[in-house]
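The structure appears below as structure tokens.
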Amino acid sequence: MKVRTRLLKSFRTAAASAALLVGGAGMALVTAPVPATAQEHGSHESGSDHQESDQTDHGSSGQRGGKARAPGEASDARGHRSMEDIFRDVADAEQGSGRPSTAGQGSQGSSDEPHGEEEEDSDRPAWAGGGGGKNDRGEQPGDAGSTRGDLYGDMYVILRDANGVPILNAAGFVQPLDANGNLIALDAEGAPIDPSLAIEVEMGRLNVGRAPDQVLDNRAAEVVALLNSATAITTDASGRLVVTSPEGTKTIDAPLENLALYVALMTSGTIPGVTDLPGAEFDHLVDGVLTSEDMVTATSLMAGAADKFSTLAPDAVAYMNAILGIETQTAGSVTWSDVDYSSYSYDRSDTYGDVTATVLIKQPDGSYMPTEVNIFATVFESVDYSGTGTFNAFATAVDDARAIVNYIHEYEVPADLPAPQS
């Protein structure tokens with residue numbers, strides 16, 4: 001039974017005034033060691049033995065290759081894909097064909113699972129399709145199609161540069177890391193000699209679902225219409241967009257909508273079809289230029305699309321960017337996302353230090369009372385993090401926002417309950 005169900009039952013039995021802080025959702029990032037040049041410090045490791053850190057550079061810098069074109073790419077008057085095209089592309093990526101990855105090399109093995117049929121308790125995302133066989137290399141299934149190079153294989157924590165770009169070895173293979181951040185020896189085909197040392201990246205489920213093109217087009221049009229009719233825009237505690245229009249006030253919380261908006265911002269720095277937004281605070285969403293402000297919003301959009309219960313490690317964010325066709329590059333059979341994060345910075349206490357949310361808090365008598373809590377203290381136990389100019393800072397912000405979405409969802413106050421205790 002979900003936590004929220006238990007909370008509601010308990011709340012309705014009694015009421016009390018004392019507030020008791022609930023333990024926050026944790027951060028657990030499995031990455032390589034921090035490079036000497038990284039300007040990052042602090043971590044939050046509640047409930048996990050994994051460490052949070054930046055990627056290090058061993059050997060060559062991140063690779064550069066040919067620019068890959070996103071599937072179904074079409075342009076509006078400003079050269080941007082329409083929201084309808086983006087919705088379709090996101091749904092196609094979610095339906096997926098094979099495990100998207102820059103980590104698996106080789107083409108041995110095949111999937112015995114029917115395409116698109118996964119056990120319900122699998123952590124593999126719905127777009128991942130069948131597995132790669134038992135040889136730890138994986139391959140693109142026979143019914144798969146890819147226009148962005150080979151994105152399919154085993155998804156491991158791998159060596160990346162500050163922009164999240166894989167650092168390839170001399171043979172052109174990505175380099176998996178063990179739990180201590182050490183390179184794992186590869187065979188002649190680029191597979192780990194000892195696969196048990198590799199750290200498989202858990203992606204969770206993005207839950208964007210499958211829908212006919214007409215349904216996707218309608219949903220895209222609804223999002224554009226909602227934003228164009230907005231009389232005010234704010235954000236919730238996690239940074240997701242809250243839109244006030246003549247229809248009322250609505251948080252954009254559907255995974256598909258959040259993921260489509262994420263792709264729009266990260267690929268074009270604008271929301272196609274939206275010409276203006278109320279006030280000036282969110283002008284960056286429609287100016288057609290990818291800026292650090294767009295990236296700040298984008299972290300919350302990705303969080304709104306992700307499985308709220310599962311930690312998103314940096315490699316998971318990097319793989320999703322590649323799957324979604326965000327600034328992809330290809331060298332040989334390896335495809336990755338290459339976004340410039342040099343202007344981006346994230347400080348947890350600066351971002352969430354003054355943010356509050358009203359949630360159900362357990363009282364001394366065992367009941368639950370609507371109470372206003374500080375997000376930084378409650379979710380992150382006042383443990384700070386700061387990062388500048390790196391992909392890891394961006395990915396950490398994504399998972400922080402996800403942790404907040406999870407927290408406010410689980411302890412959400414129903415609309416018909418009394419005002420909160422202060």
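Both backbone and side-chain heavy atoms feed into the values below; hydrogens, waters and symmetry mates do not.
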Problem - T356 side chain vs N374 backbone, donor-acceptor pair below 3.5 Å - result: no
Handout entry: Any residue meeting side chain to side chain contact (heavy atoms under 4.5 Å, CB included) with S343, in chain and number order, not counting sequence neighbours
Key = S292
Practice task
Verify the distance criterion only: is there a donor paired with an acceptor across the side chains of D85 and S82 at less than 3.5 Å?
Solution key: yes
Practice task
Establish, for the pair R348 and F380, whether the NZ or CZ atom is under 6.0 angstrom from the six-membered ring centre and no further than 45 degrees off its axis.
Solution key: yes
Handout entry: D354 atom CG, neighbour heavy-atom count above 12 within 6.0 Å
Key = no
Practice task
Verify, without hydrogens or angle tests, whether D194 (side chain) and S196 (backbone) share a donor-acceptor contact under 3.5 angstrom.
Solution key: yes
Problem - N180 side chain to N182 backbone, donor-acceptor under 3.5 Å - result: no
Fill in the blank from the handout: CG of D236 to CG of D253, rounded to nearest 0.5 Å, is 9.0 Å
Exercise for the section: Decide whether T249 and T244 meet the rule of one side-chain donor and one side-chain acceptor closer than 3.5 Å. Expected result: yes
Handout entry: Side-chain donor-acceptor pair present, N392, T390, cut-off under 3.5 Å
Key = no
Exercise for the section: Mind running side-chain contact (heavy atoms from CB on, under 4.5 Å) on I271 and L261 for me, showing each step along the way? Expected result: CA-CA 7 Å; I271 301 174; L261 290 172; 3.8 Å; yes
Practice task
Would you please name every residue forming a ring-ring contact (aromatic ring centres under 6.0 Å, His included) with F394, sequence neighbours left out?
Solution key: Y341, Y344
Exercise for the section: Would you tell me whether D347 and S349 have side-chain atoms, one donor and one acceptor, within less than 3.5 Å of each other? Expected result: yes
Problem - Ion pair D307/R402, N-O distance below 4.0 Å - result: no
Problem - Intermediate values then yes/no, side-chain contact (heavy atoms from CB on, under 4.5 Å), F391 and V317 - result: CA-CA 9 Å; F391 164 75; V317 177; 4.0 Å; yes
Practice task
State whether the side chain of S300 and the backbone N or O of S238 hold a donor-acceptor pair below 3.5 Å, judged by distance alone.
Solution key: yes
Practice task
With sequence neighbours excluded, tell me which residues meet side chain to side chain contact (heavy atoms under 4.5 Å, CB included) with T351.
Solution key: Y346
